[in-house]
Amino acid sequence: MKKEILAIIPARKGSIRLPNKNNLKIGKHSLVERSIKGALKSKVINNIIVTSNDKKILKLENKFKNVNFIKRPDKLSNSKSRLTDVCNHAAQKLKKKFDYFILLQPTSPF
């Protein structure tokens with residue numbers, strides 16, 4: 001039986017030390033786009049979800065049709081928000097059971 005594997009890409013707006021960091025580019029692609037493309041190339045990931053409060057990132061939904069984008073609520077969009085809460089919120093939005101979760105943080109592109 002095939003395992004259901006969800007990749008969660010958290011890309012919050014509002015970094016204090018490096019403003020707009022998830023939209024910064026390495027070459028032609030932003031950090032968040034690199035994470036999405038890496039997940040799409042994977043042979044093991046069945047589902048991808050990007051969770052963000054950044055309008056620019058959420059607009060990438062038009063470019064990546066096979067990726068789920070959800071607007072992250074304000075209570076999960078601040079510097080004190082716990083990543084486990086963000087991941088739980090994202091997984092619950094899909095209303096599907098998963099065997100494994102993979103966390104792909106845009107700020108760790110390599």
Side-chain angles (χ1 to χ4, degrees):
M1 179 149 94
K2 188 176 181 182
K3 299 288 184 189
E4 289 296 317
I5 301 171
L6 172 66
I8 300 173
I9 303 172
R12 181 177 69 86
K13 180 181 177 183
S15 173
I16 296 168
R17 288 184 287 169
L18 189 57
N20 209 24
K21 71 179 170 188
N22 290 310
N23 290 310
L24 294 177
K25 292 188 177 191
I26 296 178
K28 295 180 181 181
H29 305 288
S30 70
L31 292 174
V32 73
E33 286 176 300
R34 287 185 170 278
S35 294
I36 294 168
K37 288 178 181 233
L40 289 169
K41 287 181 185 177
S42 169
K43 292 179 174 41
V44 298
I45 295 171
N46 311 84
N47 294 275
I48 304 165
I49 190 164
V50 176
T51 173
S52 184
N53 63 327
D54 187 327
K55 289 179 185 175
K56 186 173 181 181
I57 290 172
L58 294 172
K59 285 182 182 178
L60 290 173
E61 184 172 28
N62 298 325
K63 184 175 181 178
F64 297 102
K65 300 293 184 191
N66 296 336
V67 177
N68 297 289
F69 287 79
I70 61 165
K71 182 172 181 347
R72 192 186 306 182
D74 290 339
K75 68 179 182 179
L76 296 175
S77 298
N78 60 61
S79 61
K80 294 183 181 183
S81 299
R82 294 181 350 189
L83 198 49
T84 54
D85 295 334
V86 171
C87 291
N88 284 330
H89 174 262
Q92 289 172 0
K93 282 292 184 179
L94 290 184
K95 297 180 182 169
K96 186 176 176 181
K97 284 196 131 201
F98 295 97
D99 297 301
Y100 299 100
F101 298 95
I102 297 173
L103 181 65
L104 297 175
Q105 293 182 293
T107 54
S108 301
F110 303 110

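If you're wondering where the values come from, they're calculated on a predicted model, not measured in any experiment. We use all heavy atoms of the structure for the numbers below, so side chains are in, but hydrogens, waters and symmetry mates are not.
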Gap separating the [atom1] atom of [X] from the [atom2] atom of [Y], nearest 0.5 angstrom:
X     : Y     : atom1 : atom2 : result
Phe69 : Lys59 : CZ    : NZ    : 13.0 Å
Ile49 : Ile36 : CD1   : CD1   : 11.5 Å
Thr51 : Leu76 : OG1   : CG    : 7.5 Å
Asp85 : Lys80 : CG    : NZ    : 15.0 Å
Leu31 : Ile26 : CG    : CD1   : 5.0 Å
Leu94 : Leu6  : CG    : CG    : 6.0 Å

Determine whether more than 12 heavy atoms belonging to other residues, nucleotides or ligands lie under 6.0 Å from atom NZ of Lys71.
-> yes

Got more than 12 heavy atoms from elsewhere within 6.0 Å of CG, Asn78?
-> yes

Polar side-chain atom of [X] near backbone of [Y] as donor-acceptor pair, under 3.5 Å:
X     : Y     : value
Asp54 : Arg12 : no
Asp99 : Ile5  : no
Asn53 : Asp74 : no
Ser52 : Ala11 : yes

Starting from [Y], can I reach [X] by hopping between I/L/V/M/F/W/Y residues whose side chains sit under 4.5 Å apart?
X      : Y     : answer
Ile57  : Leu24 : no
Tyr100 : Ile8  : no
Val32  : Ile70 : no
Phe101 : Leu40 : no
Ile45  : Phe98 : no

Among Leu104, Asn66, Val67, Ile102, find the residue that satisfies the side-chain contact (heavy atoms from CB on, under 4.5 Å) test when tested with Ile48.
-> Val67

Contacts of Asn20 meeting side chain to side chain donor-acceptor pair (under 3.5 Å) (sequence neighbours excluded), chain-then-number -> Asn23

Under the side chain to side chain donor-acceptor pair (under 3.5 Å) rule, collect the residues that match up with Arg17, sequence neighbours excluded.
-> none

Heavy-atom pair with the smallest gap, counting every atom of [X] and [Y]:
X      : Y     : answer
Pro73  : Ser77 : O-OG, 2.8 Å
Pro106 : Ile9  : CG-CG2, 3.8 Å
Lys2   : Asn46 : CE-ND2, 3.0 Å

Do Gln105 and Leu83 have side chains that get closer than 4.5 Å, going by heavy atoms?
-> yes

